*Asks:* 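This is the structure I have questions about; it appears just below.
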Amino acid sequence: IFPKLHSLREARHLSIGGSMFKRYLDENGLPDILHAHVALYGGFLAKKISEKFRIPYIVTEHSTNFARKLYSERQIGTAAQVFRGASANICVSPELGRLLGEIYQGLHFNWLYIPNIVSDLFSPEKKEIDSPDRSFGLEKGLDYRILNVGSLTEKKGQRDLLVSFSEAFKGDMNVRLRIGG
């Protein structure tokens, strides 16, 4: 019924993110660097925090919204501000780097390419596990926390992650998985 209100979404994101960052500060103090995964809206939040606390930030751009032309001119401009203020801009594929170079032609952002770092440990394909005791190289007696943060959409594969994780670590209470999105 209502059109997408990007400015309202930005304000909400800044408010919630600011509250979370304050809680982080109270528990841990100032971080040395902020790392945003995507310019909108995490990068926008990192830029605002950086300006207030003088903490450098970097952006790793993953979003397919650039290639799918889903961002408005206003959002493209907001992302440009985020990229301009970042200490480094990283893209997860050479193709995305080329596309961002075309979109932001003349702004001379230096795109670093670092592929997504994903282990084949949680591959949806059935594979023989090298570790017969199913320890996967994890040290006994230590607690492990695995965090997956991403859009909770089918293409992100959380269903595959849940199935693979439950098969791999069935009954092992020292390995826990959290999913946020």
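Values in this document were obtained by computation on a predicted structure and should not be read as measured data.
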*Asks:* Over all heavy atoms of both residues, which pair between Ala86 and Val59 is shortest? Give the atoms and the distance, please.
*Replies:* CB-CG2, 4.1 Å
*Asks:* Mind listing the closest non-hydrogen atom pair of Tyr104 and Ile76 along with its distance?
*Replies:* OH-O, 2.8 Å
*Asks:* Residues two or more places apart in sequence or in another chain: which of them pass side chain to side chain donor-acceptor pair (under 3.5 Å) with His37?
*Replies:* His62
*Asks:* Heavy-atom distance under 4.5 Å between the side chains of Ile179 and Leu152, does that happen here?
*Replies:* yes
*Asks:* Give the ring-plane orientation class for Phe83 versus Trp111, where under 30° counts as parallel, over 60° as perpendicular and anything between as tilted.
*Replies:* perpendicular
*Asks:* What closest approach, in Å, do Ile58 and Ser87 show between heavy atoms, and which atom pair accounts for it?
*Replies:* CG2-CB, 4.3 Å
*Asks:* So which atom in Ala79 and which in Ala39 form the shortest heavy-atom distance, rounded to 0.1 Å?
*Replies:* CB-CB, 3.9 Å
*Asks:* Side chains of Pro56 and Asp32, heavy atoms from C-beta outward: is any pair under 4.5 Å?
*Replies:* no
*Asks:* Are Met20 and Ile16 close enough, and set up right, to give a side-chain contact (heavy atoms from CB on, under 4.5 Å), and what steps lead you there?
*Replies:* CA-CA 6 Å; Met20 293 172 68; Ile16 293 168; 3.9 Å; yes
*Asks:* Spell out, as yes or no, whether a donor-acceptor pair under 3.5 Å connects the side chain of Gln75 to the backbone of Ser72.
*Replies:* yes
*Asks:* Inspect the surroundings of CZ in Arg68 and state if more than 12 heavy atoms from other residues, nucleotides or ligands are less than 6.0 Å away.
*Replies:* yes
*Asks:* When rounded to the nearest 0.5 angstrom, what distance separates CG in Leu25 from CD1 in Ile55?
*Replies:* 6.5 Å
*Asks:* Would you give the length of the straight line joining atom CD of Glu95 to atom CG of Leu99, rounded to the nearest 0.5 angstrom?
*Replies:* 10.0 Å
*Asks:* Give the cluster check for Leu30 versus Tyr57: same hydrophobic cluster or not, with ILVMFWY residues linked at side-chain heavy-atom distances below 4.5 Å.
*Replies:* yes
*Asks:* One thing to verify: whether Arg98 and Glu102 come together as a salt bridge, which I'm taking to mean a side-chain N less than 4.0 angstrom from a carboxylate O.
*Replies:* no
*Asks:* Mark yes when over 12 heavy atoms from residues, nucleotides or ligands other than Arg84 sit less than 6.0 Å from its CZ; otherwise mark no.
*Replies:* yes
*Asks:* Hey, is the main chain of Val163 close enough, under 3.5 Å, to the side chain of Ser166 for a donor-acceptor pair?
*Replies:* yes
*Asks:* So which atom in His35 and which in Thr60 form the shortest heavy-atom distance, rounded to 0.1 Å?
*Replies:* NE2-OG1, 2.6 Å
*Asks:* Ignoring hydrogens and geometry, is there a side-chain-to-backbone donor-acceptor pair from Ser19 to Ser15 under 3.5 Å?
*Replies:* yes
*Asks:* If you count the non-hydrogen atoms of other residues, nucleotides and ligands that lie under 6.0 Å from CD in Gln105, is the total more than 12?
*Replies:* no
*Asks:* How long is the straight-line distance from CG of Leu161 back to CG of Asn148, given to the nearest 0.5 Å?
*Replies:* 5.0 Å
*Asks:* Side chain of Asn65, backbone of Tyr71: donor and acceptor closer than 3.5 Å?
*Replies:* no
*Asks:* In terms of heavy-atom contacts, does CZ of Arg145 have more than 12 from other residues, nucleotides or ligands at under 6.0 Å?
*Replies:* yes
*Asks:* What residues form a side chain to side chain donor-acceptor pair (under 3.5 Å) with Asp26, not counting sequence neighbours?
*Replies:* Lys22
*Asks:* Hey, does Leu45 have a side-chain heavy atom less than 4.5 Å from the side chain of Phe21?
*Replies:* no
*Asks:* Test your reading of the model: is there a side-chain donor-acceptor pair from Glu61 to the backbone of Asn89, 3.5 Å cut-off?
*Replies:* no
*Asks:* Anything under 30° is parallel, anything over 60° is perpendicular, the rest tilted; go ahead and classify Phe169 against Phe165.
*Replies:* tilted
*Asks:* Closest heavy-atom contact between Leu112 and Ala88?
*Replies:* CD1-CB, 4.2 Å
